[in-house]
Visitor: 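My questions will all concern the structure given below.
Quick caveat, the model's predicted, so the values are computed rather than measured.
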Amino acid sequence: MPIGSPRPKVAVLLVAAGKGLRAGGAVPKQYRIVGGKTVLHRAIAIFAHHPAVDLVIAAIGPDNHSEFAASAAGLPKVLPPIVGGATRQASGLAGLEALVPLAPDIVLIHDAARPFASDGLVERAIRAAVEHGAAAPGMAVTDTIKIVDDRERAIATPPRATLRAMQTPQAFHFTLILDAHRRAAAAKIEGLTDDAAVAEWAGHSLHVFQGEAGNMKLTNPEDFETGERLLSPLAALGDVRTGQGFDIHAFEPGDHIWLNGVRIPHSHKLNGHSDADVGLHALTDAVLGSIGAGDIGQHFPPSDPKWKGASSDQFLAYAASLVEARGGKIANLDVTILAESPKIGPHREAMRAAIARIVGIPADRVGVQATTLEKLGSIGRSEGIAALAIATVRLPWVTR
Ligand code: MG
């Protein structure tokens, strides 16, 4: 197509007819969820939202009309699907025949199982097709490739520099690839595994342009795990830890206490080197415990004069910073206050807000409970206040 001609009419054919059960699970892999959406939805969306694409059609399995409709819902430019054939090659031809009345200039043919192709790759594919007639993205290979015989005996080692691992979207002048597919079918050629091979069989020269490492094909269960990680950094925080903390401080003469980061007027104060906030101390130990980082006394020794009268929010903030330094997130904190008095209820929301602010999480991830000890034991005799805490944190899985 000469420079200066109007923008070509671009159709996209998504090949989604495969049963694709290698990925595990009961539904074909293109209908599996990755990052909260089906693989097919993501693949369609790449093209439906691309300004250079005019229309999208999919070749699907005969039993997947409702799954397709759910995956395509809300996306523009999508035509009703057609039912694909028994092989990859047959599905390609069926999709191309369906496009004949629409007479596109260029057709991109894309594996539905590649949901991560970038806008830039689509752009390059269209340009390469306009210029070369038949083009496909390829990646240099890093593994040495062997050709083996039927007894798994290596019989050849092709020079690695000459090899490319092929991806999609493969891009063609529409009439070129339609004609190639029709001739291949008429010649009873079957089982070609990509459309580039069909074009090559028909005698066309195929231009290979640069693919993308991220344009992976979701095939095996591990590919879906990788896909989840790419789409949702939080989902990658699969290393869930819990930690517990306990603290107790005795009353002494005074007129207020600090509890869970809130100042509360009271008949006594709590004795301690810092502000003696038992709630924040227990929470600090819980967070430290969740990452195996010791306890509060180790990080903030009472023997160190610099912590005298210290506000305990800095202890908890420090523990939270250790989680952050490991690439983690605090999922939730929960603290139970054991005290005959003061009443916690009137302060509960202020406490949740204070704890949430200190560690930088939403208040709905913080729980504050309280109970009396029914006048039993030292707490029951109002000699002091104790606190129990638990923390749940999520760290990145680090595989070694
Ligand atoms: Mg303490």
Side-chain angles (χ1 to χ4, degrees), residues 12-15 18 20 22-23 29 43 46 87-93 96 106-173 176-177 179-181 183-185 187-227 229-230 399-400:
V12 174
L13 169 59
L14 280 161
V15 187
R22 255 183 302 174
K29 62 186 177 181
I46 297 164
T87 64
R88 173 70 175 68
Q89 193 186 328
S91 293
L93 176 56
L96 292 169
I106 299 295
V107 61
L108 306 188
I109 307 178
H110 188 63
D111 291 332
R114 292 188 193 267
F116 304 126
S118 73
D119 284 356
L121 184 65
V122 175
E123 200 70 57
R124 289 206 296 285
I126 294 170
R127 228 182 304 131
V130 167
E131 198 173 327
H132 300 280
M139 297 291 289
V141 297
T142 49
D143 294 329
T144 294
I145 309 287
K146 301 275 183 200
I147 297 173
V148 295
D149 66 11
D150 53 9
R151 284 150 58 197
E152 293 295 315
R153 238 177 7 191
I155 51 175
T157 306
R160 194 167 57 188
T162 67
L163 297 172
R164 298 292 178 271
M166 300 310 292
Q167 301 183 340
T168 68
Q170 303 188 346
F172 308 92
H173 283 184
L176 179 157
I177 194 66
D179 174 69
H181 261 283
R183 280 163 51 203
K188 304 259 184 282
I189 301 295
E190 289 172 351
L192 295 176
T193 53
D194 71 355
D195 302 281
V198 178
E200 291 166 78
W201 173 86
H204 298 287
S205 121
L206 180 87
H207 173 71
V208 178
F209 60 96
Q210 181 62 41
E212 286 176 341
N215 181 25
M216 58 187 292
K217 189 173 184 177
L218 302 185
T219 302
N220 300 307
E222 309 84 76
D223 301 333
F224 279 81
E225 285 169 31
T226 307
R229 271 202 297 281
L230 287 170
T399 36
R400 295 190 176 83

Visitor: For P158 versus I147, what's the shortest heavy-atom pair and its separation?
Guide: CG-CD1, 4.0 Å
Visitor: Show your reasoning for whether side-chain hydrogen bond (donor to acceptor under 3.5 Å, both in side chains) applies to E190 and T87.
Guide: CA-CA 8 Å; E190 289 172 351; T87 64; over 6 Å; no
Visitor: Search all heavy atoms of L192 against all heavy atoms of I189 and return the closest pair with its distance.
Guide: CD1-CG2, 3.8 Å
Visitor: Given side chain to side chain contact (heavy atoms under 4.5 Å, CB included), test V107 with V12 step by step and report yes or no.
Guide: CA-CA 6 Å; V107 61; V12 174; over 6 Å; no
Visitor: Answer whether the closest heavy-atom distance between the side chains of T157 and T144 falls below 4.5 Å.
Guide: yes
Visitor: Would a 4.5 Å heavy-atom cut-off, applied to side chains only, mark T168 and P137 as touching?
Guide: no
Visitor: Taking C-beta and beyond as the side chain, do H132 and H173 meet within less than 4.5 Å on heavy atoms?
Guide: no
Visitor: Please give me the minimum heavy-atom distance between A199 and A180, naming the atom from each residue.
Guide: CA-CB, 4.2 Å
Visitor: Which heavy atom of K29 sits nearest a heavy atom of A113, and at what distance?
Guide: CE-CB, 3.6 Å
Visitor: Sub-3.5 Å donor-acceptor pair from the side chain of Q89 to the main-chain atoms of G191, do we have one?
Guide: yes
Visitor: Supply the atom-to-atom distance T142 OG1 to L163 CG, rounded to the nearest 0.5 angstrom.
Guide: 11.0 Å
Visitor: To the closest 0.5 Å, what do you measure between CG (D179) and CG (L96)?
Guide: 11.0 Å
Visitor: List the steps, then state whether side chain to side chain contact (heavy atoms under 4.5 Å, CB included) holds for Q210 with Q167.
Guide: CA-CA 10 Å; Q210 181 62 41; Q167 301 183 340; over 6 Å; no
Visitor: Who pairs with R164 by salt bridge (Lys or Arg N to Asp or Glu O under 4.0 Å), at least two apart in sequence or on another chain?
Guide: none
Visitor: Side-chain polar contacts of residues 202-209 - donor-acceptor pairs under 3.5 angstrom, sequence neighbours left out - could you list them?
Guide:
none

Visitor: Give the minimum heavy-atom separation between A184 and V198, together with the two atoms involved.
Guide: CB-CG1, 4.3 Å
Visitor: What is the distance from atom CZ of F172 to atom CD1 of I106, rounded to the nearest 0.5 Å?
Guide: 10.5 Å
Visitor: Mind running side chain to side chain contact (heavy atoms under 4.5 Å, CB included) on H181 and D195 for me, showing each step along the way?
Guide: CA-CA 8 Å; H181 261 283; D195 302 281; 2.7 Å; yes
Visitor: Got I145 and R160 here, is their nearest side-chain heavy-atom distance under 4.5 Å?
Guide: no
Visitor: Kindly say whether A197 contributes a backbone atom to a donor-acceptor pair with the side chain of D194 at under 3.5 angstrom?
Guide: yes
Visitor: Quick one: closest heavy-atom pair of H110 and N215, and the distance?
Guide: CE1-OD1, 4.2 Å
Visitor: In Å, rounded to the nearest 0.5 Å, how long is the span from CZ of R114 to CE of M216?
Guide: 9.5 Å
Visitor: Check whether E212 reaches the backbone of S118 with its side chain - one donor and one acceptor, N or O, closer than 3.5 Å.
Guide: yes
Visitor: How long is the gap from CG on L108 to CD1 on I46, to the nearest 0.5 Å?
Guide: 11.0 Å
Visitor: Between R88 and D111, does any side-chain N to carboxylate O distance fall below 4.0 Å?
Guide: yes
Visitor: Applying side chain to side chain contact (heavy atoms under 4.5 Å, CB included) to V130 and R127, what does each step give before you reach the verdict?
Guide: CA-CA 5 Å; V130 167; R127 228 182 304 131; 5.8 Å; no
